[in-house]
> 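Below are the structure tokens for one structure; questions will follow.
Start at 1 with the first residue, then count along the sequence. All ligand and atom numbering here is 1-based and tracks the order in the structure.
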Amino acid sequence: MDNNTLLKIKQLRAELEEHNYNYYVKSSPTISDFEFDKKMKELQDLEKSNPEFFDPNSPTQRVGNDINKAFKQVKHIYPMLSLGNTYSKEEVSEFYNRISKTLNEPFEIVCELKFDGTSVSLIYENGELLRAVTRGDGEKGDDITDNIRTIRSIPLRLQKQNIPDFFEIRGEILMPWNVFERLNKEREKDEEPLFANPRNATSGTIKLQNSAEVAKRNLDAYLYYLLGEDMPSDSHYQNLQTIKQWGFKVSEEIAKCKNLNEIFDFIDKWDIERKKLPVATDGIVLKVDSLKQQQMLGLTSKSPRWAIAYKFQAEQAETRLNSVSYQVGRTGAITPVANLDPVLLSGTIVKRASLHNADIIKDLDLHIGDMVYVEKGGEIIPKIVGVNKDARILIGEKIDFIKRCPECGTPLIRKEGEAAHYCPNEDTCAPQIKGKIEHFISRKAMAIESLGEETINLLYNQNLVKNCADLYKLTEENIAPLERMGEKSAQKIITNIQKSKNVPFERVLFALGIRYVGETVAKKLAYSLHNIDALENASFEELKNIDEIGEKIAESIVNFFKEEKNKQLVNDLKQAGLKFAIDEKTLQNKTDKLNGKTIVISGTFSLHSREEYKEIIVNNGGKNTSSISSKTDFILAGENMGPSKLQKAQELSIKILSEEEFLSLLK
Ligand code: IVH
């Protein structure tokens, strides 16, 4: 063993964690990002060439990994209770008086912000993060340690001395507003469903099976509760100050109150001030400060008697509806938007609110000039929740959903079973054309950096670009004279467009924007059919026979290639030099060793992720299905194979292969 190397590794780890702490907990970095990255790279290299020194709590592990494993269920040491809710100061007084009566001695109440995210329990042993578990049903939760390690404000190894050997600490995982807004913008672009609020975005993120994805989401955490046998102090307030010393992120906004008035002052202050915070809060938590007194008060089966939550009212405002406008998306879907008299709501001026679809407008029985109630719970997009019919003096014109596209005048259609109206004029309806080009250049598609919504707008208005293929005909001379451009920008744009010719086939296929052909489907199609000609010539039946391709997708592909203009577009893009066949290198990993074999994957794996196994099966000619039947040839089983699957396999005498056995089959 090389002691010097280990020493160096340990030193780098400690140093990098210290910088993480300064940056993510104290918000006061002491080195530049460049220096930080350099040290990180040094550590990564050392760890790579000395794998015997691997440590799951090394700062290098904060980027996560894509090994796919179902979460293990873990029993909580102390059950994770919830809190009783109150919505008025009267109820807070009742809580206070009840405590006063039961204790019959002086006491203090700690007031904290109620953070609106996902609660988590962290276990530390010998100063290191051992385990992180979700609340679950309060008794047991999911082991999400890998995901939690990616949160940089959570210490993986405590740097301070005199810390208990074993303790539990609880807190809230949060997605800051700015991260949430950025994530939703990206999802909107990729036509993925939006998260309604940061709470949903946090719980959705924390449940991801791929910690590398979690790492990209920039979650944060505030800790608010220390539990254990040997507590540093009898005062909860003091304990929070102590855990702050240990390196945990604790809110600065905590008050110890001696009477009800002080509590009310805290509530009133934060009902307003919270709107300026970088994370979502939905109330105040009141806790009896003394742990001894907490014990005297005890618990009910659901919540402690020594704490309570006061919830802020979801903010509502009343304002006038002036008009309804309609937006057209890239697929032609129409979104109705209410234009309102500006009104102050949750710290921002609201002028517009989403009306979702025709049914919602009808249910609200909306008329122009109506006084409407607008609400902005945790949601970013305010919504209209009702009409103040008493305020209707003169009744305005009834809002009838438009019949024609607001952009091109084409009569709208509404498919059976769908809530949205569509403009069917894909060819000349401007927002649809521009939307398709924006999708084409987006990050997960052709990733043409330096082109964005505004530039596309410019190019479209100048008649320079009418479809994706036109991008490849652009010259620097075309772009440089445009508004806010210049030679440098023009050069950059052209270089990036040229670079996109190296984007692999599966992403080009996704970029085409064929309805229902998302990122994963495009990959699947590219791997099974290898090139665009095979895709174009595939029949509905052939497509449907491809694993995971259903009727809806197959129909959409067939329809796409039925249209002459789409064939033309593909041809033009081919001429431009884009990749329309899968790379040789990707194909080299392919064999026909699994030809005709139907394989079910079950359990959790350690050598490859589940996604990778799926890809390996497809690449080697096999078919991956989800349920076991007489047609299944064998099961690729990792750890913890589901009991019902095991039973079924035994009943049908289907062979079960381990990861190692499966991989050696392919050698
Ligand atoms: S203390 C037994 N403090 O609110 C007391 N909880 O409905 C344990 N929460 O599950 C909780 N901010 O997820 C506490 N400052 C805070 C909190 C807080 C948010 C959440 C937590 C809990 C829920 C209770």
Side-chain angles (χ1 to χ4, degrees), residues 76-87 91-92 95 99 109-122 132-142 144 148 151 153-154 167-176 197-203 205-207 219-228 231 235-241 243-244 248-257 263 266-267 269-271 273-274 277-291 293-312 378:
H76 290 297
I77 304 172
Y78 305 94
M80 267 179 102
L81 302 176
S82 63
L83 294 175
N85 284 330
T86 60
Y87 297 88
E91 286 173 288
V92 172
F95 165 77
I99 287 178
I109 295 284
V110 179
C111 290
E112 298 170 28
L113 291 169
K114 185 171 186 306
F115 294 104
D116 196 13
T118 302
S119 52
V120 71
S121 147
L122 307 176
V133 188
T134 62
R135 193 176 109 86
D137 62 4
E139 292 294 327
K140 50 187 174 353
D142 289 334
I144 50 164
I148 291 302
I151 302 176
S153 52
I154 292 184
F167 64 89
E168 175 172 353
I169 201 160
R170 291 187 188 163
E172 203 83 354
I173 311 295
L174 296 153
M175 183 178 283
N197 50 46
R199 180 183 357 100
N200 292 1
T202 308
S203 67
T205 302
I206 226 63
K207 282 192 209 121
L219 296 175
D220 201 352
Y222 280 99
L223 286 308
Y224 46 61
Y225 191 26
L226 176 70
L227 298 93
M231 297 293 273
S235 154
H236 167 70
Y237 182 86
Q238 202 45 55
N239 287 334
L240 290 184
Q241 303 313 311
I243 62 173
K244 199 192 281 180
F248 291 96
K249 191 163 185 168
V250 176
S251 168
E252 297 292 328
E253 323 306 346
I254 302 177
K256 207 153 65 159
C257 300
I263 295 174
F266 189 89
I267 290 179
K269 174 178 173 201
W270 285 104
D271 200 355
E273 293 286 314
R274 71 188 182 104
L277 295 172
V279 293
T281 52
D282 63 340
I284 302 289
V285 180
L286 314 173
K287 302 173 185 171
V288 170
D289 184 47
S290 154
L291 306 192
Q293 289 178 339
Q294 288 184 3
Q295 228 167 15
M296 284 159 70
L297 289 157
L299 316 164
T300 70
S301 63
K302 275 192 275 166
S303 51
R305 286 201 186 85
W306 48 265
I308 203 158
Y310 167 85
K311 300 269 279 215
F312 296 127

> For Tyr224, which of Glu112, Glu172, Arg170, Lys114 qualifies under side-chain hydrogen bond (donor to acceptor under 3.5 Å, both in side chains)?
Glu172
> Is it the case that more than 12 heavy atoms not belonging to Lys207 sit under 6.0 Å from its NZ atom?
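No, because the 6.0 Å sphere around NZ of Lys207 holds 12 heavy atoms or fewer from other groups.
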> Does Arg170 approach ligand 1 within less than 4.0 angstrom via side chain, backbone, both or neither, non-hydrogen atoms only?
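For Arg170, no heavy atom sits under 4.0 Å from ligand 1.
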> Which heavy atom of the protein is the closest neighbour of atom 2 (C) of ligand 1, given with residue, atom name and distance?
Pro304 CG, 3.5 Å
> Which residue supplies the protein heavy atom nearest to atom 23 (C) of ligand 1, what is that atom called, and how far is it?
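Closest protein heavy atom to atom 23 (C) of ligand 1: Lys114 NZ, 4.1 Å.
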> For Ala307, state whether at least one heavy atom is located under 4.0 Å from any atom of ligand 1.
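Heavy atoms of Ala307 never come under 4.0 Å of ligand 1.
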> Report, in ascending order of atom number, the atoms of ligand 1 lying under 4.0 Å from any heavy atom of Glu112.
3 (N), 15 (N), 16 (C)
> Enumerate the atoms of ligand 1 whose separation from the nearest heavy atom of Leu83 is less than 4.0 angstrom.
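Under 4.0 Å from Leu83, ligand 1 has these atoms: 5 (C), 7 (O), 24 (C).
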> What part of Glu172, side chain from CB on, backbone N/CA/C/O, both or neither, has a heavy atom under 4.0 Å from ligand 1?
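Side chain only.
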> Which of these, Phe115, Tyr224, Tyr78, has its nearest heavy atom closest to atom 21 (C) of ligand 1?
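Checking each option, the heavy atom nearest atom 21 (C) of ligand 1 is found in Tyr224.
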> Check whether Asn200 reaches the backbone of Ser203 with its side chain - one donor and one acceptor, N or O, closer than 3.5 Å.
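Not confirmed, Asn200 side chain does not pair with Ser203 backbone.
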> Can you tell me which residue and heavy atom of the protein come closest to atom 10 (O) of ligand 1, and the distance to 0.1 Å?
Ser119 OG, 3.8 Å
> Just say parallel, tilted or perpendicular for the rings of Phe312 and Tyr310, cut-offs at 30° and 60°.
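Aromatic pair Phe312/Tyr310 classed perpendicular.
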> Relative to the ring of Phe115, is the ring of Tyr222 parallel (under 30°), tilted (30 to 60°) or perpendicular (over 60°)?
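Plane angle under 30°, so parallel.
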> Have a look at ligand 1 and work out which part of Leu113, if any, has a heavy atom under 4.0 Å from it: side chain, backbone, both or neither.
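Backbone only.
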> Polar contacts were defined as any N/O atom of the residue lying under 3.5 Å from an N/O atom of the ligand; does this apply to Lys287 and ligand 1?
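Yes, since at least one N or O of Lys287 sits under 3.5 Å from an N or O of ligand 1.
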> Evaluate side-chain hydrogen bond (donor to acceptor under 3.5 Å, both in side chains) for Asp116 paired with Thr281, printing each intermediate quantity in order.
CA-CA 5 Å; Asp116 196 13; Thr281 52; over 6 Å; no
> Give a yes or no on whether the backbone of Ile109 and the side-chain of His236 come within a donor-acceptor separation of less than 3.5 Å.
no
> So that I can tick it off, tell me whether Glu252 and Lys244 are bridged by a salt bridge, with the cut-off set at under 4.0 angstrom between side-chain N and carboxylate O.
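Counted as a salt bridge, because a side-chain N and a carboxylate O are separated by less than 4.0 Å.
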